[in-house]
**Student:** 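The structure under discussion is supplied below as structure tokens; questions concerning it will follow.
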Amino acid sequence: MRVGFIGCGGIARAHAERLVKIGDVEFAAFCDIVVERAKAFAQRYGGKAYDDYREMIEKEDLDACFICIPPFSHTDQEILCAERGIHLFVEKPVALTLEKACEILRAVERAGIITQVGYVLRFIDSIRRAREMVYERGGRIALFDAWRYGGIPGGPEHWWRRKELSGGQLVEQSTHQVDLARWFVNDDVELVFASFETNLLNDLPNFDVESASVVNMRFKSKAIAVVTSTCAAQPAGRTSGFRVISRNVEVISINNRECRIIEGEKVTTLQASVDPYLEEDKHFIECVKSGKETEVPYIEGVKTLEVTLAAVMSAERGEAIRLPLMEY
Ligand SMILES: NC(=O)c1ccc[n+]([C@@H]2O[C@H](COP(=O)([O-])OP(=O)(O)OC[C@H]3O[C@@H](n4cnc5c(N)ncnc54)[C@H](O)[C@@H]3O)[C@@H](O)[C@H]2O)c1
């Protein structure tokens, strides 16, 4: 399978390293607007280097492409790939606006290509087993409560610090927790209410994203979820996880690796034993080979983006936002 990359930064490296371990993958081409980065990847993994994705898509006979660019950079990369029948692995968040995400969704659905969005937490074995146990004997879910106490990636020049480039911590990072809530509860969100704190870090240079946020979601089933986030946690205090309350089973996930399953007085501990990036990449490659839809097709990225954008809107307006924001 001939694979190309658009964007040769941090997460592209993570995927390339995993693809090396998966048989049947040929690195055909790498593209980055900073061509030295594409060249460095090509030197390490093989294939040609490009600074223009249009040229790469046109010249290379790719079977699949990994799109690993920052949120603000999504323009027509996915659409051009779709028109050529190139299957897509796209990193989260899939875009910065719902309009762009829906335009891409229509293109990939029209083309009938295989798509997968990089919601890697869905591939952690302890979390997958915990979810199954809730479905097998938990009964209805009432509450999904997730948190992400993190820091600020990169230095003062990094795109992450600028809301118009990254979307902010919720849209860019805690999108993982919102996605986990949607996947675990297995339902669509109908109402979002959020509050953002934007003063704490506003003395930092080139920085205008929220320092903390709390997002409340209500699902169609009337289950509720909360995602609490901050990028102002002290380095030694950084943590992430979630708790689930269902009728008969409670789940506590610590740092998304260990899951405690609580049933009455009984506590069962599950430890993650896989590399979730390898698992998600294997899943994508297998689905491309067999022509089967992936577990996280592009529409899942659209739905999660929609919830995070509704939360931003809610925080700005100080009111609850009803979903869907638009038809797709
Ligand atoms: N799933 C995860 O766990 C995870 C982890 C990290 C990052 N990500 C996501 O991956 C994406 C990229 O993040 P990153 O940390 O790798 O960023 P990065 O800044 O390290 O790398 C992005 C690269 O894309 C290049 N680029 C930008 N626009 C381009 C264009 N139009 N054509 C070609 N190249 C272009 C940049 O020059 C840069 O080299 C982000 O959306 C981020 O949210 C996901």
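Quick caveat, the model's predicted, so the values are computed rather than measured. Numbering of ligands and ligand atoms starts at 1, following listing order.
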**Student:** Which is it for Ser213 and Gln169 under the side chain to side chain donor-acceptor pair (under 3.5 Å) test, yes or no, and what are the steps along the way?
**Tutor:** CA-CA 9 Å; Ser213 61; Gln169 187 189 20; 5.2 Å; no

**Student:** Give a yes or no on whether the ring-centroid distance for Phe284 and Phe66 is below 6.0 angstrom.
**Tutor:**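 Yes - the distance between ring centres of Phe284 and Phe66 falls below the 6.0 Å cut-off.
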
**Student:** What does the N/O contact table under 3.5 Å look like for ligand 1?
**Tutor:**
unit_1   : atom_1 : unit_2 : atom_2 : d
ligand 1 : 1 (N)  : Glu91  : OE1    : 3.0
ligand 1 : 1 (N)  : Gly118 : O      : 3.2
ligand 1 : 3 (O)  : Tyr277 : OH     : 2.6
ligand 1 : 16 (O) : Gly10  : N      : 3.2
ligand 1 : 16 (O) : Ile11  : N      : 2.9
ligand 1 : 19 (O) : Trp159 : NE1    : 2.8
ligand 1 : 20 (O) : Gly10  : N      : 3.0
ligand 1 : 28 (N) : Ser73  : OG     : 3.0
ligand 1 : 34 (N) : Ile33  : N      : 3.4
ligand 1 : 37 (O) : Asp32  : OD1    : 2.6
ligand 1 : 37 (O) : Arg37  : NH1    : 3.1
ligand 1 : 39 (O) : Asp32  : OD1    : 3.4
ligand 1 : 39 (O) : Asp32  : OD2    : 2.6
ligand 1 : 39 (O) : Arg37  : NH1    : 2.7
ligand 1 : 41 (O) : Ile69  : O      : 3.3
ligand 1 : 41 (O) : Lys92  : O      : 2.9
ligand 1 : 43 (O) : Lys92  : O      : 2.9
ligand 1 : 43 (O) : Lys92  : NZ     : 2.8
ligand 1 : 43 (O) : Glu172 : OE2    : 2.4

**Student:** Supply the atom-to-atom distance Trp159 CH2 to Ser166 OG, rounded to the nearest 0.5 angstrom.
**Tutor:**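 Rounded to the nearest 0.5 Å, the CH2-OG separation comes out at 6.5 Å.
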
**Student:** What residue among Glu295, Glu280, Glu300 forms side chain to side chain donor-acceptor pair (under 3.5 Å) with Arg122?
**Tutor:** Glu300

**Student:** Kindly indicate whether the side chain of Asp208, heavy atoms from C-beta on, has any atom under 4.5 Å from the side chain of Asn202.
**Tutor:** no

**Student:** Provide the full list of side chain to side chain donor-acceptor pair (under 3.5 Å) pairs with a residue in residues 185-196, sequence neighbours left out, each pair given once.
**Tutor:**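 Counting only pairs at least two positions apart or across chains, the side chain to side chain donor-acceptor pair (under 3.5 Å) contacts touching residues 185-196 are Asp187-Ser221, Asp188-Lys303, Glu190-Arg218, Glu190-Lys222.
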
